[in-house]
Amino acid sequence: MSTETATPAETAAEPKLSPVETHKIEGKFLRGTLAEEFADASLDHLSEANKSLIKFHGSYQQEDRDARKNRSKAGAGKAYMFMIRLKLPGGKLTADQYLAMDDLCGKYGNSTLRITTRQSFQFHGVMKPNMKPLLQGVNKTLLTTLGGCGDVNRNVLACPAPIGDAVHKQQMDDCLRVAAALTPKAGKQAYHEVWLDGEKLPNPELDEEPLYGPTYLPRKFKIAFAMPDDNCTDILANCLGYLIISENGKPIGYNLYAGGGQGQTNSKPDTYPLLAQPIGFIHFDEVVPAAEAMVKLFRDHGNRSDRKRARLKYVVHDMGVEKFRDLFYGDYFKHPRREPKHAPITGLDLHLGWNGMGDGKWFLGVSVENGRIKDEGGLRLRAGLREIVSRFKLDVRLTTQQDILLCGVATADKPAVEALLAEYGIPRESSLPMVQKWSMACPAIPTCSLAITESERSLPGVVRQLETVLTDLGLAGEPISVRMTGCPNGCARPYQSEIGLVGRGGTKYTVYIGGDSFGRRLNAEVQDSVPIEQIVPRLSKVFAAFKAERAGDELFGSYCERVGLDKVKSLFSA
Ligand code: SRM
Ligand code: SF4
């Protein structure tokens with residue numbers, strides 16, 4: 001297949017294209033009739049085609065699922081609303097940008113900011129008339145939402161720790177370069193026309209999208225940068241991963257990984273989570289060409305008829321890694337083929353608490369339960385973060401574990417920052433249970449249309465019970481990662497955690513055990529459809545065995561892997 005032009009065309013012999021492909025073709029480089037439907041005050045929701053296209057603009061049309069029952073009893077239709085996701089490479093914001101996002105969520109959203117598992121922000125509960133002012137507010141601060149969702153490259157991840165050494169700096173700089181290179185070009189023009197009152201092209205269908213082509217990618221594409229001793233971005237869950245390699249403390253290039261992803265579908269056994277595989281070693285001048293080559297390969301070889309299998313991970317898996325490498329180096333990436341360097345992943349840092357930046361200043365990692373920045377009861381997290389960021393003019397970075405880093409605190413200001421945390425009821429990370437710090441949940445109900453169970457609203461209860469059990473067993477200090485999702489799509493990367501709880505329906509979850517807190521291994525299903533109230537009592541039996549039988553300072557997931565799935569299953573179901 002040619003690598004010069006996008007070639008998504010359907011031939012008579014090929015399977016039927018998914019309807020989203022038609023939306024893209026007819027959408028004239030992401031315009032559709034979005035401008036018209038947003039200008040029409042009589043409409044409370046979008047047509048199917050515009051519902052597909054608005055994702056590329058960084059938004060999903062959603063429904064308030066909490067309101068569903070009462071509205072349907074009253075004969076009212078769905079309570080439509082929108083979610084908006086920023087594109088925030090490396091999770092970086094200035095103090096002013098953070099404060100503007102805080103203002104916007106209060107003015108046009110549901111008064112919360114949601115840190116995502118890909119180090120970005122989401123606004124929830126945005127009503128249709130508020131979309132344009134909110135997006136204009138975002139863009140006024142020089143941030144964007146273009147490509148936050150949709151069949152393009154998504155937010156590029158990098159370790160957000162603002163540490164001034166060569167390795168941290170290199171991976172963040174490269175993350176920003178890759179993100180810029182993969183921004184849709186014609187899509188940017190369309191975005192300006194729809195939201196920012198930009199001048200309209202007379203013939204938009206003649207515009208060009210040099211990298212993606214008119215039908216963009218078969219589906220989403222995800223990239224992460226990481227370091228061997230700090231895999232805080234969960235690099236192996238990404239379509240494309242860059243693991244920085246150093247010699248004598250000096251960065252020399254990256255090991256490239258391809259084909260990671262989490263999502264699976266219950267009714268489709270040919271869908272499953274996969275870890276990214278090592279592909280080769282590249283030098284720094286090859287970083288952007290490698291990303292462009294991988295995107296083109298996916299553009300040409302990804303599945304455009306079955307969206308459930310339209311991910312790069314299936315191209316790698318179905319083809320086999322060796323053939324995939326041949327294709328990548330033979331047809332797409334015209335640079336020397338080098339073997340990956342030996343560089344095992346050995347750690348994952350949550351970046352919480354006080355940490356030096358290397359320039360005499362400090363950053364403070366604040367743990368945000370399930371990423372939701374809000375004021376509730378005595379915990380006035382949103383107001384407190386706002387006060388600290390504005391008073392000390394602190395830049396902000398978001399982590400892929402849904403936490404926030406307040407950057408550039410002078411030594412003299414540390415006591416005042418701590419006093420503000422206390423004033424707003426924000427706990428110091430040292431006082432938080434370990435299991436809470438290592439936990440994540442996706443939003444699920446009430447905003448996510450695909451959720452079949454609760455997640456963000458249920459995990460805190462499970463975590464409180466786990467804390468009690470682990471404390472009783474003397475295991476409270478163990479870094480055990482627990483991740484919950486409201487369906488098998490895997491948005492909180494549950495299949496890579498030590499304990500994964502995946503919504504099955506009602507208040508039941510499929511329980512997975514035995515992953516790795518550093519993101520190196522997939523876990524395995526231990527029991528399907530476990531009622532939520534049975535999860536912790538059952539886990540406590542596995543914890544007790546771990547306590548009795550662990551080898552030295554062996555981690556919980558490693559213990560489970562060593563003793564084997566059968567034993568873990570029998571402990572769990574005893
Ligand atoms: Fe996700 C779809 C939320 C990270 C795999 N994801 C969705 C949607 C948009 C639901 C929908 O299609 O209608 C969710 C919106 C819920 C809401 O109300 O906000 C949603 N995904 C999220 C976020 C907000 C979860 C979070 O707790 O932070 C994350 C946003 C990241 C970002 O800033 O870009 C999020 N989603 C992920 C990840 C984790 C990652 O990328 O590191 C995954 C697993 C990795 C992967 O891609 O395989 C993930 N999301 C999915 C999938 C399954 C894709 C697949 O290959 O089958 C879907 C379903 C889909 O795309 O149709 C999905
Ligand atoms: Fe929605 Fe499922 Fe993703 Fe949770 S895992 S946000 S329920 S798609």
Side-chain angles (χ1 to χ4, degrees), residues 18 20 51-52 54-55 58-65 81-89 91 110 112 114-126 145 147-157 218-224 233-239 241 259-266 268 271-276 302-303 306-314 368 370-372 398-402 439-456 458-459 483-496 500-503 519:
S18 99
V20 179
K51 236 173 94 181
S52 296
I54 200 173
K55 296 178 186 175
S59 176
Y60 270 71
Q61 178 176 291
Q62 297 185 322
E63 174 208 355
D64 179 355
R65 294 182 58 179
M81 57 188 194
F82 290 82
M83 171 272 270
I84 296 181
R85 186 184 290 165
L86 296 185
K87 190 83 172 274
L88 207 58
N110 67 357
T112 73
R114 177 57 159 65
I115 306 173
T116 74
T117 54
R118 294 191 72 78
Q119 63 185 160
S120 187
F121 268 140
Q122 280 187 183
F123 300 90
H124 282 116
V126 182
T145 64
C149 321
D151 298 345
V152 286
N153 174 55
R154 299 292 188 86
N155 203 35
V156 184
L157 310 181
R219 211 158 171 231
K220 59 184 89 169
F221 188 84
K222 298 185 171 179
I223 301 180
T233 56
D234 269 340
I235 187 177
L236 303 182
N238 286 265
C239 304
Q262 296 272 290
Q264 59 182 340
T265 305
N266 284 333
K268 277 183 72 72
T271 61
Y272 26 76
L274 287 166
L275 293 181
N303 189 326
D306 178 1
R307 285 182 68 81
K308 298 281 184 203
R309 285 203 106 241
R311 298 298 302 272
L312 186 74
K313 67 179 177 182
Y314 298 119
V368 179
N370 301 323
R372 186 70 65 176
L398 307 179
T399 79
T400 66
Q401 313 288 323
Q402 304 173 318
S439 71
M440 293 207 285
C442 71
I445 298 170
T447 52
C448 179
S449 64
L450 306 178
I452 48 181
T453 63
E454 293 279 350
S455 179
E456 185 181 324
S458 281
L459 185 60
R483 297 177 180 176
M484 181 184 268
T485 55
C487 85
N489 279 320
C491 296
R493 299 187 291 273
Y495 309 113
Q496 260 178 320
L501 307 173
V502 175

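Whatever order the structure lists them in is the order used to number ligands and atoms, beginning at 1.
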Give the numbers and elements of all ligand 2 atoms closer than 4.0 Å to a heavy atom of Thr485. 5 (S)
Looking at atom 40 (C) of ligand 1, what's its closest protein heavy atom, distance included? Arg118 NH1, 3.4 Å
Kindly indicate whether the side chain of Thr117, heavy atoms from C-beta on, has any atom under 4.5 Å from the side chain of Met440. yes
Among all the protein's non-hydrogen atoms, which is closest to atom 4 (Fe) of ligand 2, and how far away is it? Cys442 SG, 2.3 Å
Donor-acceptor pair, Asn110 side chain versus Thr112 backbone, under 3.5 Å? yes
Once you round to the nearest 0.5 Å, how far does NZ of Lys220 lie from CG of Asn153? 12.5 Å
Between ligand 1 and Arg154, is the shortest N or O to N or O distance under 3.5 Å? no
Is there a heavy atom in Asn155 that sits closer than 4.0 Å to ligand 1? no
Hey, are Arg307 and Asp151 close enough for a salt bridge, meaning a charged N less than 4.0 Å from a carboxylate O? yes
Mark yes or no for whether Gln119, through its side chain, and Leu398, through its backbone, hold a donor-acceptor pair below 3.5 Å. yes
In this structure, atom 6 (N) of ligand 1 is nearest to the protein heavy atom Cys491 SG, 3.1 Å
Identify the protein heavy atom lying closest to atom 53 (C) of ligand 1, giving its residue, its atom name and the separation to 0.1 Å. Asn489 OD1, 3.3 Å
Considering only heavy atoms, does Gln62 approach ligand 1 within less than 4.0 Å through its side chain, its backbone, both, or neither? side chain
Going by the 4.0 angstrom heavy-atom rule, the piece of Ala441 near ligand 1 is backbone
Donor-acceptor pair, distance only, cut-off 3.5 Å: does the side chain of Asn238 make one with the backbone of Gly241? no
State whether the side chain of Ser59 and the backbone N or O of Ile54 hold a donor-acceptor pair below 3.5 Å, judged by distance alone. no
Taking Arg219 for its side chain and Ala310 for its backbone only, find out whether a donor-acceptor pair lies under 3.5 Å. no
Note: Gln262 and Tyr495 closest approach over all heavy atoms is OE1-N, 3.1 Å
Mind checking whether atom 2 (Fe) of ligand 2 has an N, O or S of Cys487 under 2.8 Å? yes
Check if Arg219 has a non-hydrogen atom at a distance under 4.0 Å from any atom of ligand 1. yes
Say whether Pro443 and ligand 1 are in contact under the criterion: heavy-atom distance to a ligand atom below 4.0 Å. yes
Which of the ligand 2 atoms, numbered from 1, are nearer than 4.0 Å to a heavy atom of Cys491: 3 (Fe), 5 (S), 6 (S), 8 (S)
For atom 3 (C) of ligand 1, find the nearest protein heavy atom and state the residue, atom name and distance (0.1 Å precision). Arg85 NH2, 3.6 Å
Can you check whether Asn370's main-chain N or O pairs, donor with acceptor, with Arg114's side chain at less than 3.5 Å? yes
Give me the nearest non-hydrogen protein atom to atom 46 (C) of ligand 1 as residue plus atom name, then the distance to 0.1 Å. Arg311 NH1, 3.4 Å
Would you check the N or O atoms of Gln262, main chain and side chain alike, for any that come under 3.5 Å of an N or O of ligand 1? yes
Answer whether the closest heavy-atom distance between the side chains of Ser458 and Thr453 falls below 4.5 Å. no
May I have the step-by-step check of side chain to side chain contact (heavy atoms under 4.5 Å, CB included) for Met484 and Cys442, ending in yes or no? CA-CA 7 Å; Met484 181 184 268; Cys442 71; over 6 Å; no
Check ligand 2 against Ala451 and write out every atom of the ligand that is under 4.0 Å from a heavy-atom position of the residue. 7 (S)
I want to confirm something. Looking only at heavy atoms, which of Arg483, Arg309, Lys222, Gln119 is nearest to atom 47 (O) of ligand 1? Lys222
Protein heavy-atom partner closest to atom 26 (C) of ligand 1 - residue, atom, separation in Å: Arg114 NH1, 3.4 Å
Examine distances only and state if a side-chain atom of Gln264 and a backbone atom of Gly490 form a donor-acceptor pair shorter than 3.5 Å. no
Is a side-chain N or O of Gln496 found less than 3.5 angstrom from the main chain of Gly519, in a donor-acceptor match? yes
Heavy atom of the protein closest to atom 10 (C) of ligand 1 (residue, atom name, distance): Cys448 SG, 3.6 Å
If we only count N/O pairs under 3.5 Å, is Thr116 in contact with ligand 1? yes
I need the atoms of ligand 1 closer than 4.0 Å to a non-hydrogen atom of Leu450, numbered in the order shown. 10 (C), 11 (C), 12 (O), 13 (O), 59 (C)
Donor-acceptor contact below 3.5 Å, side chain Arg65 vs main chain Ala451: yes
Is there side-chain contact between His124 and Arg372, with heavy atoms separated by less than 4.5 Å? yes
Which of the numbered atoms in ligand 1 are under 4.0 angstrom from any heavy atom belonging to Gly261? 48 (O)
Show which atoms of ligand 1 fall inside a sub-4.0 Å distance from at least one heavy-atom site of Ser120. 33 (O)
Can you find an N/O atom of Lys220 closer than 3.5 Å to an N/O atom of ligand 1? yes
Quick one: does Ser449 get within less than 4.0 Å of ligand 1, heavy atoms only? yes
Looking at atom 1 (Fe) of ligand 1, is there an N, O or S atom belonging to Cys442 that lies under 2.8 Å away from it? no
Quick note on ligand 2: atoms under 4.0 Å from a heavy atom of Gly486 include exactly 4 (Fe), 7 (S)
Ligand 1 versus Met440: contacting region, heavy-atom distance under 4.0 Å: neither
Under 3.5 Å between any N/O of Lys313 and any N/O of ligand 1: does that happen in this structure? no
How does Cys448 reach ligand 2, if at all, at less than 4.0 Å between non-hydrogen atoms: by side chain, backbone, both, or neither? side chain
Nearest-contact summary for atom 29 (C) of ligand 1 - protein heavy atom, Å: Thr117 OG1, 3.4 Å
Which of the ligand 1 atoms, numbered from 1, are nearer than 4.0 Å to a heavy atom of Gln402: 26 (C), 27 (O), 28 (O)
Quick one: OH on Tyr60 to CZ on Arg85, what's the gap to the nearest 0.5 Å? 6.0 Å
Hey, which atoms in ligand 1 end up nearer than 4.0 Å to a heavy atom of His124? 17 (C), 18 (O), 19 (O)
Okay, side chain of Lys268, backbone of Arg309: is any donor-acceptor separation there less than 3.5 Å? no
What distance do Asp234 atom CG and Leu157 atom CG have between them, rounded to the nearest 0.5 Å? 9.0 Å
Could you report the tightest heavy-atom contact between Ser120 and Leu88, atom names first, then the distance? OG-CB, 3.9 Å
Counting each atom of ligand 1 from 1 as listed, which ones have a heavy atom of Thr447 under 4.0 Å away? 17 (C), 18 (O)
